[in-house]
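Heads up, the thing below is written out as structure tokens.
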Amino acid sequence: MAKKNAEKSAAVGVGDRKPQKKARTKVHVDPVTIVIIAVICVALIFLVGLPLVKVLSTAFSTDGLAVLKKMFTSPANVQIIKNTVVLGIVVSLIGTLLGFLLAFVQAKVNFRGKRFMHLLALMPIVSPPFAVATACITLFGRRGIISNQIFGFDWNIYGLPGLTLVLSLSFFPVAYQNLLGMLRSLDGAMEEAATSLGANGWKVFTTVTLPMLVPGFAASILLLFVEAIADLANPLVIGGDYTVLASRAYIAINGEYNTAAGAAYSLLLLVPALLVFIIQRYWAGKNSTVTVTGKPAGKPRMVTAKVATVPLLIFAWGLCAFVLLIYASVIIGAFVNILGVDNTFTLNNFRYILSGIGNESMVDTTILALIATPIAGIFGMLIAWLVVVRLRKGAAVMDFVGMLGMAVPGTVLGIGYLVTYNTPVKLFGVQVLPALAGGGAIAGGALAIVLVYIARSTPAGQRSGIASLLQIDKAIDEASTSLGASGLQTFTKVTLPLIRPAYLTGLTYAFARSMTTLSPIIFITTPSTKIMTSQILAEVDAGRFGNAFAFCTVLIVIVMFVIGVINLLINRRRPGATKPTALAVTHVA
């Protein structure tokens with residue numbers, strides 16, 4: 001109503017003219033903008049559309065249908081589905097609980113070392129997928145340093161217990177970031193009102209704080225469920241005989257050479273992932289928990305009672321100490337012969353990985369990630385700009401398709417690229433692309449890997465870009481258009497400088513995600529293009545944990561160094577701008 005009145009007031013009083021229905025200038029879609037829209041649409045088709053269509057068509061082929069028909073009748077397949085569901089439920093609940101407790105401590109308890117705790121909580125995000133699993137095997141396996149050598153336990157870490165431990169530690173930062181943002185944005189006036197009415201701290205927590213966080217809990221549980229069932233790296237390393245759909249699809253393709261079966265198994269991963277994605281988008285659009293003013297009116301109510309703060313801090317620092325133990329094991333393990341068996345200091349692990357195949361994989365991975373990072377960053381910002389500012393129709397569709405690169409499990413996307421780009425791509429009988437993946441691919445499959453990196457990384461910049469643009473008045477874009485600037489000029493000279501922090505978020509996430517991803521690219525790597533995560537998997541499979549630890553250490557150093565350089569370069573260009581965070585990670589939301 002207020003908006004309509006404002007528009008009416010703006011239109012009235014101009015000479016003797018009648019009030020106009022539209023107070024704002026309609027953004028003119030110039031030819032350059034039309035070209036940008038066309039390029040984005042074509043790129044989304046090749047990045048996400050075709051691979052998904054090919055996965056579906058392969059899954060419903062004759063061989064794929066044969067597997068699908070046995071999916072719910074074969075005892076082995078039924079057990080795999082049960083294993084996947086159980087793993088997803090357990091990890092989602094435990095990971096969300098860990099993330100919430102740590103977020104609550106960060107937002108509601110005053111103590112020293114908050115920044116350090118926050119950085120430790122984010123460590124699993126910027127590390128390769130094998131770091132936690134390999135360290136847990138070394139520390140808590142049957143001959144583990146802690147489980148066996150210190151406490152004398154003979155614990156079989158392989159299977160569901162180990163997967164639960166590793167995946168919960170790997171994914172709890174997702175819930176932590178989601179819930180931390182919600183806790184910090186809660187209006188303290190509501191808690192103050194409950195306290196003034198006589199409610200004690202526990203009553204305020206259970207009747208005011210928790211109900212406000214229900215959407216965050218639901219989103220985190222759904223996200224972690226999808227992340228857990230779609231993960232491929234950890235089941236390959238620590239899954240043992242506990243087979244899940246992701247590892248079964250991998251075995252079908254790499255072990256049985258049955259692409260149709262792999263697509264059929266991956267289809268069962270695609271359905272829940274897309275359902276969760278659609279439910280979240282619908283829920284976020286139709287339901288929200290907000291304050292009356294939309295802006296916190298009171299000070300956040302901090303927890304001060306020692307009966308609560310002491311246990312909370314013990315838990316929080318205990319969890320952070322465990323994370324620190326895991327990564328300390330990775331770093332120390334890189335400098336000894338065999339951690340826990342022969343702790344003699346050595347540099348042989350680094351000599352091995354810095355020569356031959358190891359060195360090639362570092363160079364190849366870093367170069368491909370550096371190529372994909374700026375493309376994914378700009379691509380995400382362009383989609384956000386079109387969705388929020390330029391498009392009147394089709395904005396929701398473009399936003400949805402752009403996010404599919406993150407919503408679709410990596411295993412599904414990798415299989416999609418395998419079946420789509422392993423041979424020349426034809427549309428209506430006309431070849432439009434040569435083979436991009438497989439033995440006959442140009443550049444040894446490197447182009448397909450770059451496309452996967454872009455597809456997986458673009459949604460992070462897209463979401464942060466949309467969030468930033470929604471806070472900027474569209475009149476700025478309209479003013480640029482009215483002065484004769486084309487869509488490309490407006491985007492590069494007006495919009496992009498205004499959303500620099502969002503752009504930086506897209507860049508940092510794109511590089512970190514590209515360097516540490518495995519699930520989608522393991523299906524399309526070739527002998528001529530070596531990727532660090534694939535090499536780490538090979539070292540772990542061979543039992544050379546020292547080499548794997550050295551790879552993980554170098555990978556983490558490269559990621560942190562490049563992220564620091566990106567921050568430094570962008571901040572130097574505009575010293576007076578708001579300083580963005582060093583690393584912001586966006587998940588499907």
Side-chain angles (χ1 to χ4, degrees), residues 83-109 117-118 120-125 127 129 132-133 136 160-186 202 205-231 234-235 244 246 269 272-273 275-284 287-289 303 308 311-320 322-323 326 406-407 409 463 584-589:
N83 290 348
T84 306
V85 173
V86 169
L87 179 64
I89 292 174
V90 173
V91 170
S92 64
L93 293 177
I94 294 177
T96 299
L97 178 62
L98 294 177
F100 166 69
L101 291 173
L102 195 59
F104 188 83
V105 171
Q106 276 281 332
K108 294 293 185 179
V109 180
M117 179 182 288
H118 180 68
L120 284 178
L122 297 181
M123 276 299 296
I125 294 175
S127 65
V132 176
C136 284
L160 181 60
L163 280 172
T164 301
L165 172 64
V166 170
L167 292 178
S168 297
L169 283 175
S170 298
F171 297 140
F172 86 84
V174 178
Y176 167 73
Q177 294 231 102
N178 287 340
L179 293 169
L180 180 60
M182 293 192 69
L183 281 165
R184 285 177 172 171
S185 63
L186 290 181
W202 178 252
F205 173 73
T206 55
T207 60
V208 178
T209 307
L210 278 183
M212 293 285 285
L213 295 174
V214 168
F217 281 117
S220 297
I221 290 173
L222 291 173
L223 284 171
L224 264 66
F225 179 83
V226 172
E227 292 277 7
I229 66 173
D231 185 72
N234 291 298
V244 293
L269 294 175
L275 283 177
V276 166
F277 179 54
I278 293 170
I279 290 171
Q280 278 191 289
R281 290 177 64 86
Y282 177 80
W283 192 356
N287 300 281
S288 61
T289 305
V303 178
L312 286 173
L313 288 174
I314 290 175
F315 162 80
W317 283 117
L319 178 59
C320 289
F322 192 80
V323 173
I326 294 295
M406 183 180 289
R463 288 259 53 89
V585 179
T586 305
H587 291 264
V588 183

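Distance CZ/Phe172 to CD1/Ile125: 8.5 Å, rounded to 0.5 Å. Taken to the nearest 0.5 Å, the OG1 atom of Thr84 stands 11.5 Å off from the CG atom of Asp231. Note that CG of Leu98 is 7.5 Å distant from CG of Leu169, once rounded to the nearest 0.5 Å. Ser170 OG to Leu165 CG: the interatomic distance, rounded to the nearest 0.5 Å, is 9.0 Å. Between atom CG of residue Leu120 and atom CD1 of residue Ile326 there is a gap of 12.5 Å, rounded to the nearest 0.5 Å. Taking CG of Leu97 as the reference point, atom CD1 of Ile221 lies at 9.5 Å (rounded to 0.5 Å).
Minimum heavy-atom separation, Ala175 to Gly95: CB-O, 3.9 Å. Residues Thr96 and Leu224 approach most closely at N-CD2, 3.6 Å, considering heavy atoms. In terms of heavy-atom proximity, Phe171 sits nearest to Glu227 at CE1-O, 3.7 Å. Residue Ser92 comes nearest to Phe225 through the heavy atom pair CB-N, 3.6 Å, listed as atom of the first residue, atom of the second, then distance. Taking both residues in full, the closest heavy atoms of Val90 and Thr164 are given as CG1-CG2, 3.5 Å, listed atom of the first, atom of the second, then distance. Closest approach of Ala246 to Ile229, counting heavy atoms only: CB-O, 4.0 Å.
Scanning for ring pair (Phe, Tyr, Trp, His ring centres under 6.0 Å) contacts around Phe315 gives an empty result, with sequence neighbours left out. Shown here are the side chain to side chain contact (heavy atoms under 4.5 Å, CB included) partners of Ala273, two or more places apart in sequence or in another chain: Val226, Pro409.
Looking at Leu180, Leu101, Leu179 one by one, the single match for side chain to side chain contact (heavy atoms under 4.5 Å, CB included) with Gln106 turns out to be Leu180.
When atom types are taken as modelled, the side chain of Ser220 and the backbone of Phe217 share no donor-acceptor pair closer than 3.5 angstrom.
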